[in-house]
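Per chain, numbering begins at 1; letters A, B, ... match sequence-line order. Because the structure is a prediction, the values reported are computed rather than measured.
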Amino acid sequence: MEIRGRALVYGDKIDTDIIIPARYLVYTDPAILGQHAMEPLDPDFPKKAKGAIIIAGRAFGMGSSREQAATALKGAGVAAVVAESFARIFFRNAINTGLPVLQAPARGKVREGDEVLIRLEAGEVVNLTTGEVIKGKPLTGLALEILKAGGLVEYLKYIAKQQA
Amino acid sequence: MTWTEYVFARRLGKAPSPGDVVELAPDLVGFHDLTGYHVLEMMEKMGGVKVFDVDKLVVAFDHLAPAPTVRAAEIQVYIRRHVRSIGLKNFHEVGEGILHQLILEKYALPAQFVFAADSHTNTAGAVGAFAQGMGASDIAAMLRLGKTWLVVPQPIKIEIRGSPSAAVTGKDVVLHLLSVYKAEGLNGRSADVYVERPRDFPMDYRATVANMSTELGADALMFVPDEETRAYLERTRGAAPHIDFKPSGKYADEYAVELERLEPLVAAPHSVDNVKPVSEVEGVEVDQVFIGSCTNGRLSDIEAAARILKRGRARARCIAVPASYAVFRQALEAGYVDVLTKAGCVVTYGTCGPCIGGHFGVLGPGEVAVSTSNRNFLGRMGANDSKVYLANAYTAAAAALEGKIVDPRKYL
């Protein structure tokens with residue numbers, strides 16, 4: 001899978017309470033959640049998120065198990081998230097929600113607004129503005145299969161169809 | 001074999017290697033009100049609410065309970081309907097307790113695999129279960145299929161040596177570990193914890209350490225079952241299962257916590273690993289104190305608070321929430337509830353309360369709280385510019401008494 005977009009750069013430890021505060025967890029609708037994504041840190045986020053690729057530091061998505069963290073980013077229109085490391089639950093939630101995620105040390109090598117291309121199977125981030133290629137961790141196996149299907153619900157439907 | 005390897009080998013027939021992707025059946029699956037409706041919605045999208053083994057499911061209403069809004073009530077109505085239709089016995093209504101506390105008190109056993117739609121599911125590691133949180137889709141699929149997939153973690157060893165000194169609890173051990181390994185520092189690893197003097201580090205303390213292993217990013221943190229585990233299970237379940245584990249094998253990393261060297265610690269805003277001795281933040285003025293949550297809402301926490309708050313009325317607003325009805329009853333019978341209410345604390349039971357900033361004490365703009373819960377993230381307990389200091393129940397109670405952060409040891 002290849003995804004292209006404009007970079008939005010954030011720091012380390014973007015936690016789930018930042019990505020979507022608990023008061024919005026009474027909703028699961030991506031459109032509603034998307035309006036409040038990153039609200040405590042960056043209230044303008046929903047205005048600039050459409051088609052963007054988030055470039056972040058360590059421990060992206062640390063904190064709660066709320067799947068709405070991934071749903072909110074997707075609902076805001078985020079195309080993918082690249083981070084130096086991800087919290088385990090967030091990473092799974094992103095895959096299960098069909099939000100592309102890639103572990104790569106891109107922060108510092110991509111500036112806000114740069115055009116970025118990511119290649120999930122190769123684990124590469126290409127900064128199209130500077131030409132630099134950043135090597136990360138390829139996405140493989142079951143996680144890639146689920147993501148390619150569009151998320152866990154779609155993947156399970158696909159598997160059921162194969163078995164029928 | 002390490003304890004982590006033992007737990008996997010017991011289920012899979014042989015110990016897998018770290019990094020392997022394995023499929024396995026859960027022993028226990030759980031959700032609460034705030035994640036539960038999402039789990040059920042995902043199950044409906046997957047083809048319907050069908051549970052592989054309804055006796056392996058535990059549900060508790062704890063997050064927005066009692067319901068503070070019509071929407072929260074509506075979520076509960078929706079879950080109750082499904083709970084009835086699948087014939088769920090292990091259903092805990094408003095007030096019975098926080099999911100993780102109920103799993104600890106009633107359900108989890110050593111070497112089990114426990115998964116729930118909440119990140120603090122790790123708490124059941126206190127009795128040696130491999131317990132971790134997952135999102136709504138993963139739990140929904142697990143409940144329908146009776147299996148899930150895991151990346152096998154790399155085990156590390158943590159030893160807890162000696163006996164705790166005054167006003168030092170499990171909270172200080174895990175805050176110390178956060179200062180050493182940092183937030184998410186144990187990503188991809190599971191921690192096997194060995195206690196040198198088992199009876200000096202009781203189940204309440206173990207539950208706090210296991211609970212906040214989530215903040216360490218650990219896939220799981222398990223206390224290797226010992227005489228304290230056996231005594232706890234005999235007390236709460238009537239019997240303890242036989243475990244034929246003999247520790248051996250190599251760990252990728254080893255760390256020893258010397259209890260005698262620890263002092264009361266706090267995690268200052270806005271990061272769980274911004275850990276300092278309480279003496280460094282003495283004098284910070286406090287608006288609200290929260291004693292409770294799945295981290296520190298157990299009897300020893302309520303007792304610690306009562307030991308300090310018996311000295312007078314609290315100057316800061318004080319909210320105390322025993323984590324389950326069982327803990328509340330014990331606190332009532334021991335006289336702690338009387339002490340806390342006389343000190344001016346609002347006391348209730350069995351709700352997550354202000355921990356997630358949902359209800360029952362949301363922080364206003366610029367307010368400062370000392371909380372025994374597990375997260376001090378930006379805006380976690382209310383307004384974006386509010387501040388949360390995480391601490392043990394002694395420090396929290398002392399802050400309530402004086403209206404500012406003080407070293408609680410002067411009261412012991």
Side-chain angles (χ1 to χ4, degrees), chain A residues 12-29 38-41 43 57-71 83-98 103 140-143 145-146 151-157 159-160, chain B residues 21 23 34-35 37-39 41-42 45-47 63-64 69 71-72 74-75 116-121 132-141 144-145 149 151 153 182-185 187-188 214-215 217-219 270-273 355-358 362 375 377-385:
Chain A
D12 291 328
K13 298 196 270 193
I14 300 299
D15 62 65
T16 50
D17 284 81
I18 286 174
I19 299 171
I20 188 74
R23 58 188 170 275
Y24 303 117
L25 299 185
V26 292
Y27 305 106
T28 54
D29 182 346
M38 306 286 274
E39 197 170 81
L41 185 69
R58 284 178 291 112
F60 191 91
M62 66 183 272
S64 106
S65 72
R66 61 191 70 168
E67 195 162 289
Q68 288 102 323
T71 317
E84 279 171 48
S85 65
F86 288 93
R88 176 183 56 84
I89 307 178
F90 177 85
F91 192 82
R92 281 182 82 121
N93 283 343
I95 297 290
N96 288 343
T97 309
Q103 193 183 330
T140 57
L142 188 57
E145 303 269 305
I146 296 169
L152 189 56
V153 171
E154 290 75 13
Y155 176 76
L156 292 176
K157 280 183 186 158
I159 293 293
Chain B
V21 175
E23 257 189 21
L34 198 52
T35 55
Y37 85 100
H38 198 178
V39 171
E41 279 183 13
M42 296 319 287
K45 285 185 187 166
M46 288 171 187
H63 270 61
L64 295 179
T69 62
R71 176 62 187 145
E74 183 181 39
I75 283 169
D118 189 279
S119 62
H120 288 105
T121 304
Q132 61 172 224
M134 286 192 187
S137 293
D138 270 323
I139 296 296
R144 281 177 54 86
L145 304 172
W149 64 279
V151 181
K182 299 294 173 191
E184 292 294 317
N187 224 312
T214 303
E215 278 53 59
D219 283 21
H270 293 287
S271 182
V272 288
D273 56 10
C355 171
I356 55 154
V362 178
R375 289 189 181 130
F377 298 161
L378 194 68
R380 166 77 177 184
M381 291 178 67
N384 287 342
D385 62 350

query = Quick check: does any side chain N or O of B/E215 sit under 3.5 Å from a backbone N or O of B/V272, one acting as donor and the other as acceptor?
reply = no

message = Which atoms of B/L145 are under 4.5 Å from chain A, going by heavy atoms: the side chain, the backbone, both sets, or neither?
response = side chain

request  = Look only at the side chain of A/N96 and the backbone of A/L152, and say whether a donor-acceptor pair between them is shorter than 3.5 Å.
outcome  = no

remark   = Given A/L156, A/L41, A/T97, A/L25, the one with more heavy-atom pairs under 4.5 angstrom with chain B than any other is A/L25

request  = Measure A/P21 against the heavy atoms of chain B and call it side chain, backbone, both or neither at under 4.5 Å.
outcome  = neither

key: Option in B/R380, B/M46, B/H63, B/H120 with maximal non-hydrogen atom pairs under 4.5 Å from chain A   = B/R380

message = If you compare all heavy atoms of A/S64 against all heavy atoms of B/S119, which two are closest, and at what distance to 0.1 Å?
response = CA-OG, 3.5 Å

message = Is B/T69 in contact with chain A via its backbone, its side chain, both, or neither, using a 4.5 Å heavy-atom distance?
response = neither

key: Side chain to side chain, A/E39 and A/R23, heavy atoms closer than 4.5 Å   = yes

inquiry  = As an exercise: rank B/A117, B/S137, B/A183, B/G135 by heavy-atom pairs under 4.5 Å with chain A and give me the winner.
reply    = B/S137

Sidechain-backbone polar pair: B/Y37 side chain, A/V26 backbone, donor-acceptor under 3.5 Å = yes

Greatest number of heavy atom pairs closer than 4.5 Å to chain B - which of A/A69, A/P40, A/A70 = A/P40

Heavy-atom proximity to chain A below 4.5 Å, by part of B/N187 = side chain

inquiry  = Has A/S85 got a side-chain atom pairing as donor or acceptor with A/A59's backbone, closer than 3.5 angstrom?
reply    = yes

ask   = If you look at every heavy atom in A/D12 and A/R58, which pair is closest and at what distance?
value = OD1-N, 2.7 Å

message = For the residue pair B/R375 / A/T16, report whether a side-chain donor-acceptor contact shorter than 3.5 Å exists.
response = no

remark   = Cut-off 4.5 Å, heavy atoms of chain A, and the answer for B/D219 is both

task = Using a cut-off of under 4.5 Å on heavy-atom pairs, state which of B/T121, B/I75, B/V362, B/D138 scores highest against chain A.
result = B/D138

query = If you round to the nearest 0.5 Å, how far is CD1 of A/I14 from CZ of B/F377?
reply = 11.0 Å

query = Relative to chain B, which segment of A/E154 carries a heavy atom at a distance below 4.5 Å: side chain, backbone, both, or neither?
reply = neither

message = Does any backbone or side-chain atom of B/T35 lie under 4.5 Å from a heavy atom of chain A? Answer side chain, backbone, both or neither.
response = side chain

query = Does A/R88 use its side chain to pair, donor to acceptor, with the backbone of B/G133 at less than 3.5 Å?
reply = yes

remark   = Ranking A/L142, A/V153, A/T28 by heavy-atom pairs under 4.5 Å to chain B gives rank one to A/T28

inquiry  = Heavy-atom cut-off 4.5 Å, strictly under: side chain, backbone, both or neither for A/I95 against chain B?
reply    = neither

request  = Among A/R92, A/M62, A/K157, single out the residue with the greatest number of heavy-atom pairs under 4.5 Å to chain B.
outcome  = A/R92

key: chain A interface, residue from B/Q132, B/M42, B/E74 that has the most non-hydrogen pairs under 4.5 Å   = B/Q132

task = Output the distance between atom NZ (B/K182) and atom CG (B/D273), rounded to the nearest 0.5 Å.
result = 5.0 Å

inquiry  = For A/I89, which atoms come within 4.5 Å of any heavy atom of chain B: side chain, backbone, both, or neither?
reply    = side chain

note = Paired with A/R66, the side chain to side chain contact (heavy atoms under 4.5 Å, CB included) test is passed by just one of A/N93, A/I19, A/D17, namely A/D17

Most chain B-contacting option - heavy-atom pairs closer than 4.5 Å, from A/A87, A/A160, A/G151, A/G63 = A/G63

key: A/Y27, part contacting chain B, at a heavy-atom distance under 4.5 Å   = both

task = Among the options B/E184, B/E41, B/R144, pick out the one with the most heavy-atom pairs lying under 4.5 Å from chain A.
result = B/E184

request  = Among B/G379, B/A136, B/G357, single out the residue with the greatest number of heavy-atom pairs under 4.5 Å to chain A.
outcome  = B/A136

